[in-house]
Amino acid sequence: MAQKNSVKKRARAGTLQNIDEHTPSPLDAPPSPRRKQSPNHIYTESRGLWGDIKSLRWVVVPSSALKLLLIPLVLSVFWELLAPYVVPKGTPNPFSALLFISHKVPSSTPDDPRYQKGYLDLVFVVYYIIFWSFFRQTVTIHICRPLARWFGINKEAKLDRFGEQAYAVVYFTITGVWGLIIMSKLPTWWYQTEHFWLEYPHWQMIPQLKAYYLMQAAYWCQQLMVLLLGLEKPRKDYHELVAHHLVTLWLVGWSYLVNLTFIGNAVYISMDIPDVLLGFSKLLNYIQYDRTKIVSFLVFLFVWTYFRHWLNLVMLHSVWTEFDLLPEFAKQWSPADGVWLSWWMKYQIFAPILLLQFLNLFWYVLILRILVRAVTDAKATDVRSDDEDEGDELDAIDEGKVE
């Protein structure tokens, strides 16, 4: 019997040895396509620019996204250099609409330029979908993964999660600060909600506000493409995540279309700033900074309560009670005049913001459950397995999703 056991032990040990003996080195041969990878692993090797374009893999291959970004940029530079010699003076650069916002209001002054919406905005959004694809993958692969390894995170699933949350922190920090700067230039600062309506329609936008809106639209389009094209392994809440992105894009597009950009800016700020602290708290949880993450979580809880609940209720109250502050000429459905707010639009505006409040309350319950568990357990450390298929307490809450 002892001899049989020793044989079995040698067989198991030999199994590991056989892997080393018979599996070719990465230097000797390309990895097998059947090699098991992390469920969240993103395979980012390029198949050539044209192959990545046909398969839409440029969304997750940063080198191909960069090449696509450089094409119109280089063409624009050549146009500026050669146009004076080959085209009539004053001919606009056909590539500028990709790189910069368009549709400047002709009557606006150079000291106070204003922009309106137009069809070339779609071209701008398409270009910056590519930009966000490049930026996202560059940050997660070349910055976040090495940083995570430096903190001692080695499992692929955790590396992917760390990268996703670090990118979220970077993105929402940018848009949160940007949104605050823009609001400081508007009469709506700090949530002076009567100005959502008094100055309507908001079709003559300051350039920062227009660029902010279109960049946000490009970001959410890019996020939705990754999900719909199956370029990342679907999460358990795949359908909820897709629905969230669709609703977000609907809110972005509709508020932009009907010239309600002031309230759109306010909604963005109320959502983006809490997401910074959410992602930051999750990063601290991954690297096991226990005391620091508790402080961060408590700050996050306060910020979430204020921004996602109180300010959301402030905006709901404004829609319900201040809608009639609209100028009389604006209380009609007349797209040709830039006004869209007939009486029934009050309810159309109120409904999606109320839906956000319900979703936020759902996530708020999850947040409070984490707080209760932290207090009763005397610590806020996740005690579950670190397996790839298992999540984290803080991963139960994300912008628009529950894992």
Side-chain angles (χ1 to χ4, degrees), residues 26 30-35 37-83 92-102 118-145 156 159-160 163-164 166-168 170-171 174-175 211 213-235 238 241-242 244-246 248-250 252-253:
S32 170
R34 296 182 180 179
R35 180 183 177 184
Q37 296 178 333
S38 165
N40 294 325
H41 182 72
I42 305 171
Y43 189 63
T44 57
E45 182 180 347
S46 176
R47 299 173 182 172
L49 179 59
W50 181 239
D52 291 341
I53 292 174
K54 290 190 297 182
S55 63
L56 296 178
R57 285 178 52 79
W58 55 266
V59 177
V60 292
V61 179
S63 59
S64 293
L66 178 60
K67 293 173 185 176
L68 291 175
L69 289 174
L70 290 175
I71 291 172
L73 182 61
V74 171
L75 291 175
S76 179
V77 171
F78 274 110
W79 177 273
E80 294 295 331
L81 294 175
L82 301 177
N93 187 331
F95 306 103
S96 62
L98 289 159
L99 307 172
F100 309 104
I101 56 175
S102 305
Y119 290 110
L120 288 178
D121 295 344
L122 299 175
V123 177
F124 181 89
V125 169
V126 168
Y127 183 78
Y128 281 93
I129 288 174
I130 303 173
F131 168 80
W132 286 125
S133 298
F134 167 74
F135 184 72
R136 180 184 190 271
Q137 295 302 89
T138 299
V139 169
T140 56
I141 296 172
H142 300 296
I143 299 177
C144 297
R145 289 178 70 88
E156 286 293 328
L159 289 170
D160 290 333
E164 291 169 5
Y167 171 69
V170 171
Y171 174 79
I174 293 171
T175 56
Y213 242 85
L214 297 181
M215 292 288 274
Q216 289 267 31
Y219 168 83
W220 288 108
C221 285
Q222 192 273 340
Q223 293 288 94
L224 185 62
M225 286 180 64
V226 171
L227 289 175
L228 294 180
L229 297 175
L231 298 174
E232 291 182 349
K233 180 179 175 61
R235 295 172 178 258
Y238 172 81
L241 202 55
V242 170
H244 170 265
H245 290 358
L246 288 172
T248 301
L249 287 170
W250 177 71
V252 173

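With contacts defined as side-chain heavy-atom distances shorter than 4.5 Å, the pair S64/I53 does not qualify. Contact check for P94 versus W79: side-chain heavy atoms found under the 4.5 Å cut-off. Side-chain contact between L69 and L73 is absent, with no heavy-atom pair separated by less than 4.5 Å.
Considering all non-hydrogen atoms of both residues, S46 and V61 come closest at CB-CG1, 3.7 Å. Here the shortest heavy-atom pairing between G163 and T140 reads O-CG2, 3.4 Å. In this structure, V252 and A217 approach most closely via the heavy-atom pair CG1-CB, 3.8 Å. Minimum heavy-atom separation, A218 to I129: O-CG1, 3.6 Å.
Using cut-offs of 30° and 60° for the angle between ring planes, the F131 and F135 rings count as parallel.
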Go through the steps for E156 and R145 under the test salt bridge (Lys or Arg N to Asp or Glu O under 4.0 Å), then give the verdict.
-> CA-CA 9 Å; E156 286 293 328; R145 289 178 70 88; 2.7 Å; yes

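Residue Y213 holds its OH atom at 13.0 Å from CG of D121, rounded to the nearest 0.5 Å. Of the inter-residue distances, the one linking S133 atom OG with Y128 atom OH reads 13.5 Å to the nearest 0.5 angstrom. Taking CG from L66 and CD1 from I130, the interatomic distance works out to 11.0 Å, rounded to the nearest 0.5 Å. Between the CG atom of L49 and the CG atom of L68 there is a distance of 5.5 Å, given to the nearest 0.5 Å. Between atom CD of residue Q137 and atom CD1 of residue I143 there is a gap of 12.0 Å, rounded to the nearest 0.5 Å. Between the OG atom of S63 and the CZ atom of F134 there is a distance of 9.5 Å, given to the nearest 0.5 Å.
Looking only at atom types and distance, the side chain of Q216 has a donor-acceptor partner in the side chain of Y171 under 3.5 Å away.
At least one donor-acceptor pair closer than 3.5 Å links the side chain of D52 to the backbone N or O of R47. In terms of modelled atom types and a separation under 3.5 Å, the side chain of W132 and the main chain of W220 share no donor-acceptor contact.
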